[in-house]
Amino acid sequence: MIRALPANFFARDPRRVARALLGKLLVRRRGKIRLVGRIVEVEAYLGWGDAAAHAAAGITARNRVLFGPPGRAYVYFIYGVHHCLNVSCQPEGKAGCVLIRALEPVEGLAEMARARGLPLPAVPAGPASSRWLRQLTSGPARLCAAFGITRARDNGRDLTSRSSRLQLADDGYRPQPILATPRIGIRKAAGRRLRFVIAGNAFLSGR
DNA sequence: ATATCGATTATCT
DNA sequence: GATAATCGATATG
């Protein structure tokens, strides 16, 4: 039994949402195909007093989703190449979000591989294929590619509605322990420990 | 094993 | 005109 997370789940401080999102599922429905990944790494970006957050300079054409209702997809394009997925937090009018940084692939692996431009593995199991599995969704831009998430397609999308093609869902899994570390790839506010991971999980981004 | 670099564009100064 | 919440390729020890 899996159940979409309701809007009120996201209507609070991004730090609490971030921790609560670990172990939840990202689900993309495309006709008969279903893509599913378990969230293992996230970062919180605050609406106020966080120099690294896109919301820091106030509302702009790009970041306006952050100031809207909770539980919406904020998708941005970066380095001229990549997309990244966030979910808006806090009640409407107050900014904040959580960046989804890594997933453990659960369902639709062949579709994800195709979307990533990766060849199917010659061997379906064993340590050789764990490297291949890690390539699929271990990174914020990788998971967007695997799930076909783009700004044009998904920015502003309601992730909480029953009919949404893209959802965040709970299947009852409760991870632990959770580790807090500094966020990745930012220059400002680099010391704050607002990255949260499932400790020891094999599908975290980076080294 | 780690380090550096290029890609390519939206956004903001 | 500079910068960026990244990735993958290439170079080097």
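Hydrogens, waters and symmetry mates are skipped; everything else that's a heavy atom, side chains included, is used. Lettering follows sequence order; numbering is per chain, from 1.
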Under a 4.0 Å N-O cut-off, is there an ion pair linking A:Glu107 with A:Arg34?
-> yes

For B:dT11, does OP1 or OP2 lie under 4.0 Å from any side-chain N or O of A:Thr60?
-> no

Kindly check if the number of other-residue, nucleotide or ligand heavy atoms within 6.0 Å of CZ (A:Arg165) is above 12?
-> no

Do NZ/NE/NH1/NH2 and the carboxylate oxygens of A:Arg28 and A:Asp154 come within less than 4.0 Å?
-> yes

Assign A:Arg116 to base, sugar-phosphate, or nothing according to its heavy-atom contacts below 4.0 angstrom with the strands shown.
-> sugar-phosphate

Could you tell me whether the side chains of A:Arg193 and A:Thr181 share a donor-acceptor contact shorter than 3.5 Å?
-> no

For A:Phe77, report the nucleic acid contact type (base, sugar-phosphate, nothing); a contact means any heavy atom under 4.0 Å.
-> sugar-phosphate

For the pair A:Arg162 and A:Asp158, find out whether any cationic side-chain nitrogen is under 4.0 Å from an anionic carboxylate oxygen.
-> no

Check every strand shown and say whether A:Arg62 touches a base, only sugar-phosphate, or nothing at a heavy-atom separation below 4.0 Å.
-> sugar-phosphate

Base-pair map of DNA chain C as dot-bracket, where | denotes pairing with a different strand and pairs are Watson-Crick or G-U under 3.5 Å = ||||.|||||||.

Check whether NZ of the Lys or CZ of the Arg A:Arg38 lies under 6.0 Å from the centre of the six-membered ring of A:Tyr173 and within 45 degrees of that ring's axis.
-> yes

DNA chain C: A:Leu118 or A:Tyr74, which has the more 5' nearest nucleotide?
-> A:Tyr74

Using the heavy-atom set of chain A and a strict 4.0 Å cut-off, write down the first and last nucleotide of DNA chain C that makes it in, 5' to 3'.
-> C:dA4 to C:dG8

Separation of B:dT9 P from A:His83 NE2 (nearest whole Å) | 11 Å

Lys/Arg N to Asp/Glu carboxylate O, A:Glu41 vs A:Arg101, below 4.0 Å = yes

